[in-house]
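Just follow the structure's listing: the first ligand is 1, and inside any ligand the first atom is 1. Everything numeric in this text was worked out from a predicted model, so none of it was measured.
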Amino acid sequence: MIMVYCEQRNGELLNVGLELIGKAVELSKDLDGEVTAVVCGNKITQLSDKISQYGATRIIIVEHPLLEKYTVDAYTEALYQVITSENPDILLLGATLTGRELGPRLAARLRTGLTADCTNLEIDPESKLLLMTRPAFGGNLMATIICPERRPQMATIRPGVFPLPKPDTQREVEAYVFTPKLSEEDIKVKVQQIIAKVRKHKDITAEKIIVAGGRGVGSKENFELLEELAELLGGGIAGSRAAVDEGWLPKDLQVGQTGKVVRPKLYIAIGISGAIQHLAGMQESEYIIAINKDPEAPIMKIADLAIVGDWKPIVRRLIQQLKQT
Ligand code: FAD
């Protein structure tokens with residue numbers, strides 16, 4: 001059985017858990033066909049309706065008043081109890097901030113291995129082992145890792161790596177409520193207050209249209225033109241690591257291997273060369289437009305539409321046209 005941890009924040013499911021259910025359903029065809037989704041919190045039974053639509057064959061709602069606010073101690077203990085009572089062959093978690101915190105702690109307590117930040121998962125047809133692929137040596141090669149003896153085989157996967165499956169609104173799976181044994185003494189951290197970070201920009205993984213800039217954009221001021229274009233198109237801005245390192249963009253707008261993985265309907269890459277680490281975060285976009293003065297830049301080879309030239313007059317012209325329509 002494959003178990004998928006579905007993370008919720010303030011009663012809202014994060015997409016990554018649903019993406020992982022979709023992948024788990026595909027992988028389970030080579031195994032026993034069983035996919036169990038697990039969600040933790042307090043008074044969250046209503047989430048089972050949405051989870052059902054994504055293909056899980058079983059849903060476990062782990063509820064307890066001490067799980068109301070996320071603390072790593074309580075969530076690790078609660079998940080540990082579910083995992084040891086269910087004995088999954090495979091456990092998948094999103095590589096979010098909390099998934100990255102829970103994954104290694106759970107793996108250590110379960111005395112198994114963990115492959116972090118995977119970019120692909122497959123089942124080996126002969127051994128039926130999970131093949132967990134992730135970049136290694138600074139992204140210079142892709143390593144496929146197996147966990148031959150210990151169980152569960154554990155992996156964290158970055159949000160956006162797998163597509164969000166189409167929900168089947170007719171599908172209903174009965175949820176089972178698991179009440180973990182938790183006490184105040186188990187929790188060393190007390191959450192006093194949660195202060196939400198005020199973001200100027202939307203989460204780029206949720207954008208349908210992304211206007212991304214790289215070193216070729218030249219300055220922070222020039223990014224204002226990209227912002228204007230993005231706004232006219234109803235999308236958001238993002239950038240390469242070079243643009244982030246220059247201080248032109250905040251880190252949470254970085255696309256790529258050490259940034260976010262995005263798959264929007266339209267990705268416009270402006271002054272970005274298309275290094276492999278950048279492509280790792282955007283090559284699954286539905287339609288890619290690249291604007292670059294170098295026709296040989298790698299991004300031009302994967303673009304659906306490659307525009308050769310100095311980006312500024314091209315973007316100015318685009319903005320002018322969009323304002324007229
Ligand atoms: P450059 O490679 O310098 O490209 C600039 C491009 O702009 C060139 O193609 C040039 O022809 C074009 N240009 C210049 N002037 C103009 C103009 N006036 N008009 C039009 N085009 C113009 N990178 C990421 O992006 N994301 C990551 O997550 C990431 N992770 C990494 C992880 C590791 C371990 C390592 C080693 C590297 C990582 N990198 C990442 C860095 C990556 O290797 C590249 O260095 C980076 O993507 C380059 O950014 P760029 O394309 O903006 O800059």
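Near G214, meaning under 4.0 Å from any of its heavy atoms, are these atoms of ligand 1: 52 (O). Ligand-side atoms of ligand 1 in range of G309: 19 (N), 20 (C), range being under 4.0 angstrom from any heavy atom. For ligand 1 and D310, the ligand atoms under 4.0 Å from any heavy atom of the residue are 17 (C), 18 (N), 19 (N). Within ligand 1, counting atoms from 1 as listed, the ones closer than 4.0 Å to a heavy atom of T258 are 27 (C), 28 (O), 29 (C), 30 (N), 31 (C), 32 (C). The distance from ligand 1 to the heavy atoms of V255 drops below 4.0 Å at these ligand atoms: 24 (C), 25 (O), 26 (N), 27 (C), 28 (O). In summary, the atoms of ligand 1 found under 4.0 Å from a heavy atom of G256, numbered by their order in the structure, are 26 (N), 27 (C), 28 (O). If you number the atoms of ligand 1 from 1 as listed, the ones under 4.0 Å from a heavy atom of Q257 come out as 27 (C), 28 (O). Close contacts of ligand 1 with G259, meaning ligand atoms under 4.0 Å from a residue heavy atom, involve 28 (O).
Counting only N and O atoms by type, the side chains of T133 and T144 include a donor and acceptor under 3.5 Å apart. Counting only N and O atoms by type, the side chains of S52 and D49 include no donor and acceptor under 3.5 Å apart. A donor-acceptor contact closer than 3.5 angstrom is absent between the side chains of E34 and S28. For E7 and T96, the side-chain atoms include at least one donor-acceptor pair closer than 3.5 Å. D252 and Q254 share no donor-acceptor pair across their side chains, judged by distance under 3.5 Å alone.
Distance from atom 34 (C) of ligand 1 to its nearest protein heavy atom, with residue and atom name: G138 O, 3.4 Å. For atom 48 (C) of ligand 1, the nearest non-hydrogen atom of the protein is A242 CB, 4.0 Å. Closest to atom 21 (N) of ligand 1 among all protein heavy atoms lies K293 N, 3.2 Å. The protein heavy-atom contact nearest to atom 53 (O) of ligand 1 is R215 CB, 3.5 Å. The protein non-hydrogen atom at the shortest distance from atom 4 (O) of ligand 1 is S273 CB, 3.3 Å. Counting only heavy atoms of the protein, atom 33 (C) of ligand 1 lies nearest to R241 NH1, 3.6 Å. Scanning the protein heavy atoms around atom 19 (N) of ligand 1, the nearest turns out to be W311 N, 3.0 Å. Protein heavy atom nearest atom 9 (O) of ligand 1, with residue, atom name and distance: N292 ND2, 2.9 Å.
Between L20 and the choices I157, L93, V35, V161, the side-chain contact (heavy atoms from CB on, under 4.5 Å) rule is met once, by I157.
Nearest to atom 38 (C) of ligand 1 by heavy atom, out of Q277, M300, Q254, K260, is Q277. With S240, A290, A238, G218 as candidates, the residue nearest to atom 52 (O) of ligand 1 on a non-hydrogen basis is S240.
Note: an N/O pair closer than 3.5 Å links G271 and ligand 1 by distance alone. On a distance-only criterion, A275 and ligand 1 share no N/O pair closer than 3.5 Å.
Within 6.0 Å of NZ on K190 lie more than 12 heavy atoms contributed by other residues, nucleotides or ligands. Heavy-atom contacts from other residues, nucleotides or ligands closer than 6.0 Å to CD1 of I314 number more than 12. Atom CD of E149 sits in a sparse spot, with 12 or fewer heavy atoms from other residues, nucleotides or ligands closer than 6.0 Å. Within 6.0 Å of NZ on K251 lie more than 12 heavy atoms contributed by other residues, nucleotides or ligands. The neighbour count for E172 CD, taken as heavy atoms of other residues, nucleotides or ligands under 6.0 Å away, does not exceed 12.
Taking the centre of each ring, Y267 and Y287 stay at or above the 6.0 Å mark.
Distances shorter than 4.0 angstrom do not occur between any heavy atom of G239 and any atom of ligand 1.
In this structure, atom 45 (O) of ligand 1 is not in close contact with the protein, since no protein heavy atom lies within 4.0 Å of it.
Taking both residues in full, the closest heavy atoms of I204 and V262 are given as O-CG1, 3.8 Å, listed atom of the first, atom of the second, then distance.
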